[in-house]
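Beneath this line is the structure, given in structure tokens, with notes to follow.
As a basis for the values below, the full set of heavy atoms in this structure was taken, side chains included, without hydrogen atoms, waters or symmetry mates. Since the structure is predicted, the reported quantities are computational estimates derived from the model, not experimental observations.
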Amino acid sequence: MEKDVKSILISEEEIKQICKRLGEQITRDYEGKNLLVVSVLKGSIMFMADLLREIKCLCQIDFLSVSSYSGTKTTGVVKFKKDLDIDPDGMDILIVEDILDSGVTLSYLSGVLMGRNANSIKICTLLDKPANRRADIKADYVGKVIPDEFVIGYGLDYDEKYRNLPYIGILAPSVYGGEE
């Protein structure tokens, strides 16, 4: 598994610092609000777990599963695989995502949840990759802006593999047929 990592982009220690910084900011912003933290499965699960440990205000959690990817490319079509269990009506929703890439998925989700009478919707992403943005959307909380590289680890995958790496690495292009 490690041999497929071209280089480490974000270390375990830096991830911990990012979660702490974002958790403190989210705590300040949502104190006294009706916070629903929504993880977009599967990629954000590790980030959400660590982020939640740093959020010090009352909140509820729920999960969505959607997909707009096939291999390394977005299809542009968002498919719901699992919907929320908690009714978002009147909730202040914080969508937690592993990476904001094309923006297609998050733009779609934001629209759907606002249509369900959420009080507010904000986005927290561990990684922001603006080079591939296709939708007009920005995250409210950003862990780190990254270059246009295919990243894996800490929940991010290629073909459902590499999610268990404790850091974020750049996948060697030879693994997926990309250019070196």
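Looking at every heavy atom in both residues, Arg116 comes nearest to Leu84 through NH1-CD1, 4.4 Å.
The neighbour count for Lys82 NZ, taken as heavy atoms of other residues, nucleotides or ligands under 6.0 Å away, is above 12.
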Problem - Pair Lys56-Glu31, salt bridge (Lys or Arg N to Asp or Glu O under 4.0 Å): steps then yes or no - result: CA-CA 8 Å; Lys56 307 300 184 200; Glu31 188 63 48; over 6 Å; no
Problem - Evaluation steps, salt bridge (Lys or Arg N to Asp or Glu O under 4.0 Å), between Asp98 and Arg163 - result: CA-CA 11 Å; Asp98 53 357; Arg163 291 186 193 275; 5.3 Å; no
Practice task
Decide yes or no on side-chain contact (heavy atoms from CB on, under 4.5 Å) for Glu160 and Asp157, but give the supporting numbers first.
Solution key: CA-CA 5 Å; Glu160 293 298 326; Asp157 76 302; 4.0 Å; yes
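A donor-acceptor contact under 3.5 angstrom links the side chains of Asn132 and Asp148, judged on distance only. Side-chain polar atoms of Asp4 and Tyr162 form a donor-acceptor pair below 3.5 angstrom. With hydrogens and angles left out, the side-chain atoms of Ser120 and Asp92 include a donor and acceptor closer than 3.5 Å.
Two residues are said to be in side-chain contact when any heavy atoms from C-beta on lie closer than 4.5 Å; Lys144 and Ile18 meet this criterion. In this structure the side chain of Glu97 reaches within 4.5 angstrom of the side chain of Leu106, judged on heavy atoms.
Outside the 6.0 Å centre-distance limit, the rings of Tyr154 and Tyr167 are not counted as a close aromatic pair.
No path of Ile, Leu, Val, Met, Phe, Trp and Tyr side chains, each step under 4.5 Å between heavy atoms, connects Val37 with Met114, placing them in separate hydrophobic clusters. Phe63 and Ile95 sit in two unconnected hydrophobic clusters of ILVMFWY residues. Membership requires side-chain heavy atoms under 4.5 Å apart, directly or through other members. Under a hydrophobic clustering in which Ile, Leu, Val, Met, Phe, Trp and Tyr are joined whenever their side-chain heavy atoms come within less than 4.5 Å, directly or via other members, Ile61 and Ile55 fall into the same cluster. Hydrophobic cluster membership differs between Tyr141 and Met91, with clusters built from Ile, Leu, Val, Met, Phe, Trp and Tyr side chains linked at under 4.5 angstrom. Side-chain heavy atoms closer than 4.5 Å link hydrophobic residues (I, L, V, M, F, W, Y) into clusters, and following such links, even through other members, never connects Ile93 to Leu35.
The CE atom of Met46 sits 10.0 Å away from atom CD1 of Ile168, with the distance rounded to the nearest 0.5 Å. Interatomic distance, Leu52 CG to Cys59 SG, rounded to the nearest 0.5 Å: 5.5 Å. To the nearest 0.5 angstrom, Lys129 atom NZ is 10.5 Å from Leu100 atom CG. Taking CD1 of Ile123 as the reference point, atom NZ of Lys138 lies at 12.0 Å (rounded to 0.5 Å). Tyr30 OH to Leu36 CG: the interatomic distance, rounded to the nearest 0.5 Å, is 10.0 Å. Rounded to the nearest 0.5 Å, atoms CG (Leu58) and NZ (Lys33) are 14.5 Å apart.
A donor-acceptor pair is defined here as one N or O able to donate and one able to accept, closer than 3.5 Å; no such pair exists between the side chain of Arg133 and the backbone of Gly103. A distance-only check finds no donor-acceptor pair linking the side chain of Ser39 to the backbone of Val96 [under 3.5 Å]. Asp62 places a side-chain N or O within 3.5 Å of a backbone atom of Asp85 that can act as its donor or acceptor partner. With hydrogens and angles ignored, the 3.5 Å screen pairs no side-chain donor or acceptor of Asp159 with any backbone N or O of Lys161.
Aromatic ring orientation, Phe150 versus Tyr158: perpendicular (interplanar angle above 60°, classes split at 30° and 60°).
The side chain to side chain contact (heavy atoms under 4.5 Å, CB included) test with Ile152 singles out one residue from Leu165, Leu9, Ile170, and that residue is Leu165.
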